[in-house]
Amino acid sequence: MSFNLTVVSHPTVDVVKPSLMLEDRSTGERSMIGNVPSGLQRKCNEMRLRTSRLSNIFLSGILDWNSLSGLPGLILTVSDQGVKSLSLHHSGNKFLHYMMSCWRYFIFRFGLDLKAEDNSETVKNGSVDYTPVNIASSVDYGNNENKDADHAKLREIINGIFPFQKDPSKPVYNKTATNFTLPKSIINPRVSTNWIITPVSIRGKFMVNAAKELGCEVSHFKPLCNFESVTLKDGTVVKPQQVLEPTRHFNPVLILDIPSAEYITNTISHNWSESSPNNLPYSAVYHFLDDSIENPLGIPEYVEFIKSFGPTTIHFISHRSYCPNTLNYHKTLKVSLKWKTLLKDFFPLPKWVNHSDLKLNGELPNVLPLISGQNLIIKSVNGTELEESTKLGSEISKHSAEDSKRLYNEEIRDSDIRGLISQEDFNTMIDDRNSAQSLRRQVDLSKSLKEQVETLILGTGSAIPAQVRNVISNLIRIPYKTGEEVGFRTIVLDAGENSFGTLRRIYLPQEVDMLLDELCMVYLSHLHADHHLGIVDFIREWNKRQDQIYGAKRHKTLVVITPWQYDFFIDELNRVDPFINKEFLFHVSCDEFMLGFTPPSLEQLQIEDITVEEMKNCKPKEMKYLKDSSKSEYVYQVLGMSEILACSAYHCEYSYSTSFSFRLDLSEKDNSEANIFKVSYSGDTRPKSAFSYIGKNSDLLIHESTLEDEKLADAVDKRHSTTSEALQVGILMKAKKIILTHFSQRYKSFTCSETVYKRLRNPVSKIDLIENGKFVPPESEAVTPKSAKSYQSSLQNDPDIPLEAKSVIFADDLNEDIKDNAAKIEVLFAFDNMKVQYDQIYMQREVFEKQRKQLEKLFPMDDEEFVDDQPEQPTEKTKSKKVKKQKEIKNPKKRKLTPPGA
């Protein structure tokens, strides 16, 4: 029996917390221990640590968003991978249920038996025991004892978020989970959980011959193996130790999590040897030390604490000063390097180093920095040992600057692409990666302000983080001038998990600070997790930066435009994990800018005024949304805007497509097209004419393009757009430039470029097909709305019928003005880590058209990178349920809530 304990993550700029994975090599079962930070599941993909065998997560330290931000997405992913049972463990806080209940507005999964345990005793999981040890802070934060009624209500909410059902074809979405506030009595006690990991001891081999020599019969063998003494016929007592070889014990492993200096004294004064099972010395100790503890190995008491474990114990130190800022996502770097040889200014390179800021204490020879990829092999016979080949982790041993330089000779030089940069320039580019500036710092008044708009694309993937593409996020820097003052406004359009981590990885610290100084608006299109799990990071870091610059004199406001539920989430999280001064956060619902029907919100009942039984039978009450023009006027004033218009997206409940009009010269009340930069963002949606209407004459359209045209049926089923449908929205909109993004992970995203450029040259509608005799609609198509819907559904999988006849976005006629504009539209296919200036968007097409065949060779599809997208909502097996849901969407006043989650 043996186990692998692998370091998945160590603290870096983009994955900020440590995490380990324990694998039972005899069963393949896996448990995660430590934190679950943003970017962790993507890191697991990179390391080929399959999470589909995950059964338990043992959370260490205190519970806050920083340590748990990757957990909602990870739960959704493992559920979609087929995991039927997952247990979460923490101890001492009675707080885990509250944190999970905060997710109720955007997380829902049926068919997953999720258990959230607050353990005070040893957890026996298969062949391993996990013993929690709680360490309190030197500051008393209170506790959650004697609050049984509120804990019961929180469990009921979690049952509504994760209703376990054996028959997934009959999903039931308990929308009442979103109908209650959370109990205000629950606090964050900030008790830190540590774990002692001990594989179960192995009984010694039964010595049959010795037993027979003592006179034992076969019937005595079983009780002796069960450590029971037996009495022979002559009265002789045979004890187990007489016939069993010595029991083989495993040395325990200790996970110490010290969230701040407040916990050091209580941690080092605890009697850890007494806590050790079987009184055996620890084979290894993992020290998870928060960055706020300055130079912990310079603290004499802590050094003595490490020495007290003895010379045979290996210590791993997780602290930003001792752990190198190594690269986490190597395949993304590889893609960026290749593109940088073609479009040098479009791809800022990630920054990384393979050495730490501080050296380890020379008095401690058995202490190592924690590095991703280190593998501890735990055995009973040979003891526990660090696999020598992993001592420096997988990050340092496999990926240095020299490894990146070899890519040129191994994969780039022989691609037959003309116009590549030279090997010498390529090497210089890599050497200069940690000092190269990428962002425009000053507005140039001698040039058009509109042409200086910059779009920072942090993620382009759909549904789940993958090796090459992270989930979606976009930042746009829009210049302005007012009198003598000039500058940029930065806005965020959706931010999936670890978006801010990506920002810190690819831009210099001073550039990140500059973006935070410019940040004025965060927008969320809908409540699917792949679009917003990174928003809290932007708000938190903005708040820190404001405190750093202005302190008590701060005055700037951050506008946050989201579906109405997100404001409740922020409030509930901020109450127990303060990360924002809400006095300087202006939240406004997307509904404030809706054109047409505005969906109702739900009345929020005070959970203190209702019992658990009443919760089960409660019927949510809808509330009509009342617009307040003073809110929109304030937003326009603060952001220097002329207008925001939104329409409902055809995706899930409370999803929006929105157009933003920013004035460039703020010194004049000039709302002419020349003084407006209009950006339209689709969010996730089927193509809609209403969006093309509100986005008319957009300077920039960012539209989701999840699937290619042959996957229309999938696009309809998952409520996404195909490439040509997204393009048609832009054509109808008369957009000047289009960025296509949010691609299924199955695509390289430029394979359909030829189709896109062809459509721009010759845009057509369904009417054009009919007039040219390329499509003859049957008589039944327009008889009744019901028959038309049935007919439309039957078309989706027929490859012989043109797309224009299948998709309703092509029903609108194209006048000559629209067609003339289509030929001038510049289209950009988005890639992760891309930065593009508005006046340079055209350059990508030049590369594509010149190098199309060679690009296929330069970017071969790696089977290891392929991740099929999981359904963003629970799959509905029956046709009747699909039809019912379509009716609900078409008639929003009567529709029911559809399950959130992505």
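As the structure is a prediction and not an experimental result, all values here were calculated from the model.
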Are Lys184 and Asp150 ion-paired here, with the side-chain N under 4.0 Å from a carboxylate O? no

With a 4.5 Å heavy-atom cut-off, do Asp547 and Arg554 have their side chains touching? yes

Mind checking whether Tyr141 and Val191 have side chains closer than 4.5 Å, heavy atoms only? no

Could Arg575 and Glu572 be called an ion pair, given the rule that one side-chain N must be under 4.0 Å from one carboxylate O? no

Indicate whether any N or O donor in one side chain lies under 3.5 Å from an N or O acceptor in the other, for Lys688 and Ser648. yes

Using a 6.0 Å cut-off, check whether atom NZ of Lys582 has over 12 heavy atoms from anything other than its own residue. yes

Where does the angle between the aromatic ring planes of Phe108 and Phe110 fall among parallel (under 30°), tilted (30 to 60°) and perpendicular (over 60°)? tilted

Pair Thr658, Tyr523: side-chain N/O donor-acceptor within cut-off below 3.5 Å: yes

Would the distance check show the side chain of His531 and the main-chain N or O of Gly683 forming a donor-acceptor pair, the cut-off being under 3.5 Å? no

Assess the residue pair Ser38 and Ser69 against the criterion (side-chain hydrogen bond (donor to acceptor under 3.5 Å, both in side chains)); give the C-alpha distance rounded to whole Å, side-chain angles, the decisive distance to 0.1 Å, and a yes or no. CA-CA 5 Å; Ser38 290; Ser69 53; 2.9 Å; yes

Using 30° and 60° as the class limits, which term best fits the ring planes of Tyr654 and Trp564: parallel, tilted or perpendicular? perpendicular

Using a cut-off of 6.0 Å, state whether more than 12 heavy atoms not belonging to Lys621 lie near its atom NZ. no

Evaluate side-chain hydrogen bond (donor to acceptor under 3.5 Å, both in side chains) for Asp494 paired with Ser525, printing each intermediate quantity in order. CA-CA 7 Å; Asp494 284 350; Ser525 62; 2.8 Å; yes

Side-chain donor-acceptor contact under 3.5 Å, Asp80 with Thr77: no

Check: Ser31 main-chain N/O paired with Asn56 side-chain donor or acceptor under 3.5 Å: no

How far apart are the closest heavy atoms of Val576 and Ile186, and which atoms are they? CG1-O, 4.0 Å

Looking only at heavy atoms, the pair that brings Asn144 and Ser185 closest together is OD1-O, 4.0 Å

Without swapping roles, check the side chain of Ser79 against the backbone of Leu76 for a donor-acceptor pair under 3.5 Å. no

Pair His89 and Tyr130, ring centroids less than 6.0 Å apart: no

Would a line drawn from the ring center of His526 to the ring center of His532 be shorter than 6.0 Å? no

Identify whether the distance between the nearest side-chain nitrogen and carboxylate oxygen of Asp577 and Arg190 falls below 4.0 Å. no

Just by distance, no angles: are the side chains of Gln81 and Ser52 close enough, under 3.5 Å, to form a donor-acceptor pair? no

Trp65 and Phe569 aromatic centres sub-6.0 Å: yes

Measure from the side-chain N and O atoms of Thr51 to the backbone N and O of Leu54, and report whether any donor-acceptor pair falls under 3.5 Å. no

Would you please test His742 and Thr706 for side-chain hydrogen bond (donor to acceptor under 3.5 Å, both in side chains) and show each step? CA-CA 5 Å; His742 199 265; Thr706 305; 3.1 Å; yes

So, do Tyr650 and Phe691 sit near enough that their side-chain heavy atoms are less than 4.5 Å apart? no

Tell me whether Glu156 is salt-bridged to Lys153, with the criterion being a basic N under 4.0 Å from an acidic carboxylate O. no

How are the rings of Phe593 and Tyr636 set to each other: parallel, tilted or perpendicular (split at 30° and 60°)? tilted

If you look at every heavy atom in Leu182 and Ile157, which pair is closest and at what distance? CD2-CD1, 3.7 Å

Within the distance-only criterion (no hydrogens, no angle test), does the side chain of Ser192 pair as donor or acceptor with the backbone N or O of Asp257 below 3.5 angstrom? yes

Measure from the side-chain N and O atoms of Trp195 to the backbone N and O of His90, and report whether any donor-acceptor pair falls under 3.5 Å. no

Taking side chain to side chain donor-acceptor pair (under 3.5 Å) as the test, write out the residues that go with Glu497, two or more places apart. none

Compute whether any side-chain donor of one residue and acceptor of the other, for Ser91 and Asn134, lie under 3.5 angstrom apart. yes

Using side-chain contact (heavy atoms from CB on, under 4.5 Å) as the criterion, point out the one residue from Leu524, Ile570, Val588 that pairs with Thr562. Leu524

Heavy atoms, side chains only, cut-off 4.5 Å: are Asp684 and Lys718 in contact? no

